[in-house]
Amino acid sequence: MIYKFKEAHPIVDPSAYVHPQATIIGSVKIGKDVFIGAHAVLRGDFGSIIIEDGCNVQENCTIHMFPGTTVHLQENAHIGHGAIIHGAIIGKNVLVGMNAVIMDDVTIGDECIVGALSFVKAGTQIPNRKMVV
C-alpha cells in the first residue's frame, strides 16, 4: 500500500515493482527498475527516503530514520530479507545481508558487503569495497 503522510506522498517510477503487501509512506522516492518485496516498510514520515535505480529491497525490510534525516540507497544497492536501515546512506552496488541492522548516521561506501545478522552502530563510516561481518 502507498500512503500520503501529511503533505508528503511517495513517488514511484512506473518501471519499479512494489509488492502489494509492501507499505510505502510519505516522503519516499523510488527510482527505475527497483524491487520492493512483500511486507517491506519504507516510512518517510520524519525525513525522506531515496531509493535509486536498480535497488532491491527484499521481503520484511524496514527503512526509517530519525527526524530531519534522509535515507539514501544509491544505485543497485541490495538489502537482504529482514534487514533494517535506519537513517543511513548505502553506497552503489552494496549488499546488505539478511537481518542486518544499519543504524543512524552510518555511511556505507560503494561496493561493500555487510554480512547477514551484522549490526553497524550509529555514526560508523565504512570506506568503499570493504566487508563488514
Side-chain angles (χ1 to χ4, degrees):
M1 300 296 295
I2 296 176
Y3 299 98
K4 178 179 176 182
F5 180 79
K6 296 185 179 177
E7 298 305 313
H9 58 87
I11 299 169
V12 180
D13 187 90
S15 67
Y17 173 78
V18 177
H19 192 281
Q21 292 176 335
T23 303
I24 313 297
I25 303 169
S27 181
V28 178
K29 183 177 180 185
I30 297 175
K32 295 176 185 172
D33 301 318
V34 169
F35 174 89
I36 307 293
H39 306 292
V41 177
L42 284 67
R43 187 158 55 104
D45 52 359
F46 299 127
S48 297
I49 299 171
I50 299 169
I51 310 293
E52 288 189 14
D53 299 349
C55 288
N56 173 14
V57 178
Q58 296 179 2
E59 293 77 16
N60 300 311
C61 291
T62 300
I63 300 178
H64 192 239
M65 76 297 294
F66 60 92
T69 301
T70 297
V71 175
H72 190 168
L73 273 59
Q74 295 177 358
E75 197 171 1
N76 296 314
H78 297 278
I79 311 302
H81 308 285
I84 298 172
I85 310 295
H86 201 276
I89 297 170
I90 309 297
K92 293 179 183 178
N93 301 309
V94 167
L95 172 63
V96 175
M98 294 183 286
N99 292 307
V101 177
I102 314 295
M103 291 301 296
D104 301 315
D105 291 325
V106 168
T107 299
I108 298 179
D110 296 345
E111 301 177 347
C112 288
I113 297 173
V114 178
L117 295 170
S118 294
F119 178 81
V120 182
K121 69 178 185 171
T124 301
Q125 306 296 303
I126 299 171
N128 295 344
R129 301 182 58 85
K130 299 295 180 191
M131 180 179 286
V132 177
V133 293

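None of the values given here were measured: they were computed from a predicted structure.
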Task: Considering all heavy atoms, the nearest Ala83-Gly97 contact - done: CB-O, 3.9 Å
- [ ] Report yes if the side chains of Glu59 and His39 come closer than 4.5 Å at any heavy-atom pair, otherwise no.
- [x] no
TODO: Taking the side chain as every heavy atom from C-beta outward, state whether Ile90 and Ile85 have any pair of such atoms under 4.5 Å apart.
DONE: yes
Task: Least distance between heavy atoms, Ala8 atom then Ser27 atom - done: CB-N, 3.6 Å
- [ ] Starting at CG of Asp110, measure out to CG of Asn128 and round the result to the nearest 0.5 Å.
- [x] 4.5 Å
TODO: Assess whether atom NE2 of His9 is packed by more than 12 heavy atoms of other residues, nucleotides or ligands within 6.0 Å.
DONE: no
Open item on the list: Is any side-chain heavy atom of Val114 closer than 4.5 Å to one of Ile102?
Closed with: yes
Task: Donor-acceptor pair between His72 and Glu52 side chains, under 3.5 angstrom - done: yes
Open item on the list: I want to check something: taking the side chain as every heavy atom from C-beta on, are Met65 and Asp45 in contact at a cut-off of under 4.5 Å?
Closed with: yes
Task: Contact check, side chains of Ile30 and Ile24, non-hydrogen atoms, under 4.5 Å - done: yes
TODO: Could you tell me the separation between the OH atom of Tyr3 and the CD1 atom of Ile25, rounded to the nearest 0.5 Å?
DONE: 7.5 Å
- [ ] Please report the closest heavy-atom contact between Gly80 and Cys61, naming both atoms and the distance.
- [x] O-SG, 3.0 Å
TODO: Flag the pair Ile126 / Val120 as yes when at least one side-chain heavy-atom distance between them is below 4.5 Å, and no otherwise.
DONE: yes
- [ ] Evaluate the side chain to side chain contact (heavy atoms under 4.5 Å, CB included) criterion for residues Val18 and Val12: first the C-alpha distance (whole Å), next the side-chain angles of each, then the deciding distance (0.1 Å), finally the verdict.
- [x] CA-CA 9 Å; Val18 177; Val12 180; 4.0 Å; yes
Open item on the list: Any side-chain to backbone donor/acceptor pair from Asn60 onto Ala40? Under 3.5 Å, distance only.
Closed with: no
- [ ] Check whether any side-chain heavy atom of Phe119 lies under 4.5 Å from a side-chain heavy atom of Met103, and answer yes or no.
- [x] yes
Open item on the list: Closer than 3.5 angstrom, by distance alone: can the side chain of Ser15 be matched with the main-chain N or O of Asp33 as a donor-acceptor pair?
Closed with: yes
Task: Candidate pair Ile49 and Thr70, rule side chain to side chain contact (heavy atoms under 4.5 Å, CB included), full reasoning - done: CA-CA 6 Å; Ile49 299 171; Thr70 297; over 6 Å; no
Task: Non-hydrogen atoms of Ala16 and Gly31 that approach each other most closely - done: CB-O, 3.6 Å
TODO: List the steps, then state whether side chain to side chain contact (heavy atoms under 4.5 Å, CB included) holds for Leu42 with Ile51.
DONE: CA-CA 10 Å; Leu42 284 67; Ile51 310 293; 3.9 Å; yes
- [ ] Fit a plane to each ring of Tyr17 and Phe35, take the angle between them on a 0 to 90° scale, and name the class: parallel (under 30°), tilted (30 to 60°) or perpendicular (over 60°).
- [x] parallel
Open item on the list: Could you measure the distance from the CD1 atom of Ile36 to the CD1 atom of Ile79? Nearest 0.5 Å is fine.
Closed with: 9.5 Å
- [ ] Could you check Ile63 against Val57 for side chain to side chain contact (heavy atoms under 4.5 Å, CB included), going step by step and ending with a plain yes or no?
- [x] CA-CA 9 Å; Ile63 300 178; Val57 178; 4.1 Å; yes
Open item on the list: How close do Gln74 and Ile89 get, counting heavy atoms only, and between which atoms?
Closed with: NE2-CG2, 3.9 Å
- [ ] Side-chain contact test, heavy atoms from C-beta onward, threshold under 4.5 Å: evaluate it for Asn99 versus His81 and give yes or no.
- [x] no
TODO: Report the distance from atom SG of Cys55 to atom CD of Glu75, rounding to the nearest 0.5 Å.
DONE: 8.0 Å
- [ ] Check whether Ile113 and Val132 end up in the same hydrophobic cluster, where Ile, Leu, Val, Met, Phe, Trp and Tyr are linked by side-chain heavy atoms less than 4.5 Å apart.
- [x] no
Task: Side-chain donor/acceptor of His64 to backbone N/O of Thr62, under 3.5 Å - done: no
Open item on the list: Starting from Ile50, can I reach Ile84 by hopping between I/L/V/M/F/W/Y residues whose side chains sit under 4.5 Å apart?
Closed with: no
TODO: Give the minimum heavy-atom separation between Glu111 and Val94, together with the two atoms involved.
DONE: N-CG2, 3.9 Å
Open item on the list: Are more than 12 heavy atoms, taken from residues, nucleotides or ligands other than Gln125, located less than 6.0 Å from that residue's CD atom?
Closed with: yes
